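Down below is the structure, laid out as structure tokens.
Treat the numbers as computed from the prediction; the structure is a model and nothing was measured.
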Amino acid sequence: MEFGFVPSQVVKELEEIGNWKARSAAVDKLYSALQKVQDKDMLLPTLSKLLRFLAILGEDANFKISLSTMQILADLTLKLGHDIRPYLGDIMPGLIDKLGDNKVAVRQANGKLLAVLMSVLQPATVLDALSPALMHGNWKVREAAVNIFIQALLTHSQAEFDYQRIVQVLVRALKDDHSRVVTVAIEALAVVHHMIGDEVQPLLISAGASVSSRLMLAGRFASKELPGIKADGAVEHEASVVPTPCHRAA
């Protein structure tokens, strides 16, 4: 047995690069084996090794294997609970890269996995680990990361967030070179304002938002429209804000 619950033959089949049929069947066997685990303690001794193995599978060129791996990680997180916390830093880089995946199903599965992590570890912890995504080289990743912030803010209670940290991250996003990242950052800050009101103002100042940016945000805050969450969990933007160069000089 590998990792305390997986037949060695399953792992061997997953490592047979080129045999996509056998590998696709093997990832289903891996998922099935995990679902049968009743005692999380049997996972802990080799958890680090298991997560490294899943990280490799998550980057697989085979769409089914990559997608199934995220589902496996979501189930594993639910089984482990807070025991997954020490490994969040190891898991997150792969999830950040998946935010910009060109397949909708992969992005959706990735979003669901992040939502599971937030339900288990608290959103503040996960959002802090997610914040490096705002410096990613792919603007689509940066935009998607801000949308994850919005999704979390709209889903969880006010007491579960570190608003000072969130505003710091979002003010940095106001300086982004891509207009769509700036736009969603504005929308995210509108949600923050909706939740904590004028308490956001000193946080904006502390985070280094310029006077011009704060004036622009004040105009956005005056609107009652906010983003929403669609049935599939994705963020739906109601308001349309066209960023200008001054917006990026936050």
Qualifying side chain to side chain donor-acceptor pair (under 3.5 Å) pairs, either residue in residues 42-58, two or more places apart: S48-R52
Spacing of K40 atom NZ and L47 atom CG [to the nearest 0.5 Å]: 10.5 Å
Spacing of N138 atom CG and E143 atom CD [to the nearest 0.5 Å]: 10.0 Å
Verdict with reasoning, I91 to L95, per side-chain contact (heavy atoms from CB on, under 4.5 Å): CA-CA 7 Å; I91 296 170; L95 302 189; 3.7 Å; yes
Taking distance alone, no hydrogens or angles, what donor-acceptor pairs closer than 3.5 Å link side-chain atoms of residues 67-76 to residues at least two apart or in another chain?
| from | atom 1 | to | atom 2 | distance (Å) |
| --- | --- | --- | --- | --- |
| S68 | OG | K64 | O | 2.9 |
| T69 | OG1 | I65 | O | 2.6 |
| D75 | OD2 | Y31 | OH | 3.2 |

Transitive ILVMFWY side-chain link M118 to L88, under 4.5 Å: yes
Which atom of G4 lies closest to which atom of M42, heavy atoms considered: O-CE, 2.9 Å
S66 and K98: side chain donor to acceptor below 3.5 Å: yes
Worked verdict on V200 versus Y163 for side-chain contact (heavy atoms from CB on, under 4.5 Å): CA-CA 8 Å; V200 74; Y163 287 104; over 6 Å; no
In one Ile/Leu/Val/Met/Phe/Trp/Tyr side-chain cluster, 4.5 Å: V184, M135: no
Connected-component partners of V211 among ILVMFWY, side-chain separation under 4.5 Å: L215
Pairwise distance CG(L189) to CG(L170) - rounded to 0.5 angstrom: 4.5 Å
Counterpart residues, salt bridge (Lys or Arg N to Asp or Glu O under 4.0 Å), relative to R165 (two or more places apart): D128
S32/Q35 under side chain to side chain donor-acceptor pair (under 3.5 Å): CA gap, chis, key distance, verdict: CA-CA 5 Å; S32 178; Q35 289 176 318; 5.0 Å; no
L121 backbone acceptor or donor facing H82 side chain under 3.5 Å: no
Cluster companions of W20 among Ile, Leu, Val, Met, Phe, Trp, Tyr (side-chain spacing under 4.5 Å): none
Pairwise distance CZ(R85) to CD(Q122) - rounded to 0.5 angstrom: 11.5 Å
Exam field: side chain R23 to backbone L14, donor-acceptor pair closer than 3.5 Å: yes
Rounded distance [0.5 Å steps], CG in L54 versus OH in Y87: 13.0 Å
CG on L130 to OG1 on T125, rounded to 0.5 Å: 12.5 Å
Student check: side-chain heavy atoms of V11 and F3 closer than 4.5 Å: yes
Any I56 side-chain heavy atom under 4.5 Å of D60 side chain: no
Side-chain (R107) to main-chain (L99) donor-acceptor, under 3.5 angstrom: no
Parallel, tilted or perpendicular, as decided by the 30° and 60° cut-offs, for the rings of F221 and H193: parallel
Donor-acceptor pair, side chain of S119 and main chain of V116, under 3.5 angstrom: yes
Contacts under 3.5 angstrom, residues 147-154 side chains, donor-acceptor by atom type, not counting sequence neighbours:
| from | atom 1 | to | atom 2 | distance (Å) |
| --- | --- | --- | --- | --- |
| N147 | OD1 | H237 | NE2 | 2.8 |
| Q151 | NE2 | G233 | O | 2.4 |

side-chain contact (heavy atoms from CB on, under 4.5 Å) between L44 and L80, intermediate numbers included: CA-CA 9 Å; L44 298 178; L80 291 169; 3.9 Å; yes
